[in-house]
2 protein chains.
Amino acid sequence: MDTMFQPSLSDCQLKEILRDHNLTVSQPRIALLRYIMQNYHHPKAETVFHDLRPDNPTLSLTTVYNTLRLFAENGLCSMLTIDDKHVYYDGDTKPHGHFMCVGCGRIFDIPGSIMPNASKLHENGMDGFQVHEMHYYLKGTCNECNENI
Amino acid sequence: MDTMFQPSLSDCQLKEILRDHNLTVSQPRIALLRYIMQNYHHPKAETVFHDLRPDNPTLSLTTVYNTLRLFAENGLCSMLTIDDKHVYYDGDTKPHGHFMCVGCGRIFDIPGSIMPNASKLHENGMDGFQVHEMHYYLKGTCNECNENI
DNA sequence: GTGCTTGCAAATCGTTTGCAATAGC
DNA sequence: GCTATTGCAAACGATTTGCAAGCAC
């Protein structure tokens, strides 16, 4: 549970990442990319907006929604549809598992989680299927919520 | 991919299942339970309503939503939050994987899919976590959609 | 200067809720 | 008869869209 904060990135590095992904550079995009690459706590759009707004007074919630979607489409983050209330964003695009606590709502990375082997598809009559994304989610109650019962 | 239709169930059997789960019996509940236990093609609420309405002219979409949620809460079906547009319902409550095709939108069961072992949690610093549900989803393109490119 | 991005306001749409009428037991 | 369920209409809330103004290059 110590992977929530990543090393800080300079504006220069962030601009380069945006350009590498054929995205125009802008102030909101730099701020959003920095946030999503440095905060691995699976925020929803509203949370990102809430956290960035103080330092970016003209930022709108619309831009947060549209830009995070754009980032996801371009492989800069992934969208977690772990429950039906919100979409959560994850700057860690490597396949890994998640645990959502139904008590406190927090989402934890499952450390060292092994994703099932997609090649098994072809051993099971699913030839011709192409995998783009893998998601592995658990739901339950976390250690802290279990203590507070 | 041959698990979509299950053996038919009598009204009597369905009533018994409802009572076993401490749910009051009613005509809409019988119809909905029959549908969800005989149609393993992961319908969304709208689809269930569309299919049942002709034979149940007074059935409302509200009842479909509320009853499917009730069933899920009582272990009679599970809710798949595989994308952010709709919730899909699955009458097969055994843990198994799903593949959603981003082309045609269909959801396939992954036959023989092995769910990751939840006991690994405790080998990875997540002691005290209790697992209620496991979900394993893939997204990509299915064989038919790949042929039509 | 041209085109892409932003942000406001309004629309969208899946889902839930309030409540009076009705069905179950 | 009393309680639980249904279904309509309205509300809700997260997300998307239209469009005029502003920024990137």
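Here is how names work: the chains are called A, B, and so on, in the same order as the sequence lines, proteins then strands, and each is numbered from 1. All values below come from the heavy atoms of this structure, side chains included, with hydrogens, waters and symmetry mates left out.
Salt-bridge annotation for A:Lys139 and A:Asp83: absent, with no side-chain N of the basic residue lying under 4.0 Å from a carboxylate O of the acidic one.
Summarising the geometry, the separation between CZ on A:Arg53 and P on C:dG7 is reported as 8 Å, rounded to the nearest angstrom. Atom-to-atom, CZ of B:Phe49 to C1' of D:dC8 comes out at 12 Å; the value is rounded to the nearest Å. Atom CG of B:Asn56 and atom P of D:dT5 are 18 Å apart (whole Å). Straight-line distance from the CG atom of A:Leu52 to the C1' atom of C:dG7: 16 Å, rounded to whole Å. Taking atom CG on A:Leu23 and atom C1' on C:dT6, their separation rounds to 15 Å, with Å as the unit.
Heavy-atom contacts from other residues, nucleotides or ligands closer than 6.0 Å to NE2 of B:His50 number 12 or fewer.
Between B:Phe129 and A:Ile110, every side-chain heavy-atom pair lies at or beyond the 4.5 Å cut-off.
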The contact string for nucleotides 13-25 of chain D, one letter per nucleotide 5' to 3', using protein heavy atoms under 4.0 Å with B, S and - for base, sugar-phosphate only and none, comes out as -SBBB------SS

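Remark: of the listed residues B:Thr47, B:Thr63, B:Leu59, B:Leu59 is the sole one forming a side chain to side chain contact (heavy atoms under 4.5 Å, CB included) with B:Leu52.
Between B:His98 and B:His42, the ring center distance clears the sub-6.0 Å criterion.
Counted by atom type alone, B:Asn146 and B:Thr141 present one or more donor-acceptor pairs between their side chains at under 3.5 Å.
The phosphate of C:dG24 has neither OP1 nor OP2 within less than 4.0 Å of any side-chain N or O from B:Arg29.
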